[in-house]
There are 2 protein chains.
Amino acid sequence: MRTATAAQIHADGPTADGARTEGAPLHASVYEELRRRLITGKITPGVGLSTRGLALELGVSQMPVRDALSRLAAEGAVVIRSKRRIEVAPMTADRFADLLACRLLLEPEAAVAALPRLDARAIRRLRAIDTELDRAIEGGDVIAYMECNFAFHFGLYRANGRATLNRLIEALWLQFGPFMRTVYGYYGAANLVDQHRLALDALEAGDADALRAAIAADIADGMGLIGRSRLETRVETRLDVS
Amino acid sequence: MRTATAAQIHADGPTADGARTEGAPLHASVYEELRRRLITGKITPGVGLSTRGLALELGVSQMPVRDALSRLAAEGAVVIRSKRRIEVAPMTADRFADLLACRLLLEPEAAVAALPRLDARAIRRLRAIDTELDRAIEGGDVIAYMECNFAFHFGLYRANGRATLNRLIEALWLQFGPFMRTVYGYYGAANLVDQHRLALDALEAGDADALRAAIAADIADGMGLIGRSRLETRVETRLDVS
DNA sequence: CCTCGCGAGCTGTGATCGCAGGAGCGGCGA
DNA sequence: TCGCCGCTCCTGCGATCACAGCTCGCGAGG
């Protein structure tokens, strides 16, 4: 009984940008939709994606879904388990540490590169996103939190004009997105601390070093939440179960 | 009777590793083959890839080729020009600088992470690759040089066990590979300087800082060759022409 | 001789079909 | 009642067909 609760790709979503992708290839729309679901954690690890199932759900044939999943597999977001199974990449402590290190390597750089190219209006927009993020945290809305978090970081990064660097970072988010969702759902979003304020202040002050430190702290904080409590193994187990 | 000069994927190549991929999905073989061609520069920018053409050349249907090209597009190696055209991503000065910065960010880190996990035998193997690389430089064999260069760097990186980081780096190589081939073919491989010796020495000495510096110098040197002579624009023009 | 228009061919994209194989489950034997 | 074996459904993979759109070349008109 799928009852098509999920939005079909070319359904007339009033707010969805799915309608905006009109004219674009179908597989691109499918890819964007799946990417959104992954980054915002709507797709949690362990669930069994299937080309036919997703095709049915999105109202398209299985061909675009195959293309989209192929792209996602190329970016490491999902793995094709030989035959018969295709699911989001399982998380291990090693892979988690690897992802964290990569994020710490790339994202502060991306933020600093964006610093001289941000005007006051852009900063104000980021601050608005941050406000909405705070509301999401207070309301305990994990999905909204992750969407705002994504919007904040990439609203900042995209200003740097470095498409290659940003693409690498997106690949990283694609990989830890589903995992973070599981973690936050496990922990609750109440414990989250908003570390973006310092970044915004550094942005307005034009202080590169402070910005670098703020972004690094944000990453380390959000993800350290897990490392500190040795949650990896527990979550790993949980993933295996579910 | 298509003269099939290029190796078909599952042709009975005696030396080819194409036979080794037996049992694996066909699209994976196609992807590996295309990736090799891109990284080693066998595919230069401006040439018109086509699913049907490649399928004919590789002896498969166009479906696996589509999957493979989709993956490569996801990694930024090729771009799908709306309709009717699919070619390797064009290079610009900005994108080049972006790629260079990303490489300088990631690769020294990957090398240092591999340092404590290399035994003497692995270092000897890297030294052997480096010797072969020198021979390729003296002989002016650009293809062999790029293959050896790839083997050297990733033979080193792969020891670090950080799959995510290495995958990011591979994506970068995939993007600048075809471009470097053009540059070297333009410049000639004779001007190349082998900067790997310092890295090998640092490896044997276990000196992380020296290794970091050596890798950074290797990258900056090989790619600075272009920046110093303001070759970007000329090559860019050349790409537009061809 | 030059220019403009139109048609054919080739392109990527999407749909449908067939195939081999693995996983889950029901039935049968002890 | 429990364990094992066979089957069946469903999966991903590959092939083939159909379609819309872009490009390029050829021919007609000035």
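Please read these numbers as outputs of a predicted model, since none were measured by experiment. A, B, ... follow the sequence lines: proteins, then strands. Residue 1 opens every chain.
- Of all nucleotides listed (D/dG12, C/dT13, D/dA15), D/dG12 comes nearest to the side chain of A/Ser50.
- Across the protein-nucleic acid pair, B/His27 atom NE2 and D/dG12 atom C1' stand 8 Å apart, rounded to whole Å.
- Aromatic ring centroids of B/His153 and B/Tyr157 lie under 6.0 Å apart.
- One finds a side-chain N or O of A/Thr51 lying less than 4.0 angstrom from the OP1 or OP2 phosphate oxygen of D/dG12.
- In this structure, the CZ atom of A/Arg71 is 14 Å from the C1' atom of C/dT13, given to the nearest Å.
- What separates CE of B/Met63 from C1' of D/dT16 is a distance of 11 Å, to the nearest Å.
- Using a 4.5 Å heavy-atom cutoff, the side chains of B/Arg85 and B/Glu87 are in contact.
- On a pure distance criterion of 3.5 Å, no polar donor-acceptor pair joins the side chain of A/Arg85 and the base of C/dG22.
- For B/Arg66 and D/dG14, a side-chain-to-base donor-acceptor distance below 3.5 Å is absent, hydrogens and geometry of angles not being considered.
- In this structure, the CG atom of B/Asp67 is 14 Å from the P atom of C/dG12, given to the nearest Å.
- Using a 4.5 Å heavy-atom cutoff, the side chains of B/Arg125 and B/Phe152 are not in contact.
- Atom P of nucleotide D/dT11 and atom CG of A/Leu49 are separated by 12 Å, given to the nearest angstrom.
- You'll find that the side chain of A/Ser61 is closest to C/dT16, out of D/dA15, D/dG12, C/dT16.
- The separation between B/Leu26 atom CG and D/dG14 atom P is 5 Å, rounded to whole Å.
- Along DNA chain C, the nucleotide nearest to A/Ala28 and the one nearest to A/Gln62 differ in position, and the one closer to the 5' end is contacted by A/Ala28.
- The side chain of B/Arg52 approaches C/dT11 more closely than any other nucleotide in the set D/dG14, C/dT16, C/dT11.
- One finds the CG atom of B/Asp98 at 7.5 Å from the CG atom of A/Asn166 (value rounded to the nearest 0.5 Å).
- Taking atom CD of residue B/Glu87 and atom C1' of nucleotide D/dC22, one finds them 14 Å apart after rounding to whole Å.
- For the pair A/Ile86 CD1 and D/dT11 C1', the interatomic distance rounds to 11 Å; values are reported in whole Å.
- Atom CZ of B/Phe96 is separated from atom CZ of B/Phe176 by 8.5 Å, given to the nearest 0.5 angstrom.
- Heavy atoms of B/Leu69 sit nowhere under 4.0 angstrom from any nucleic acid atom.
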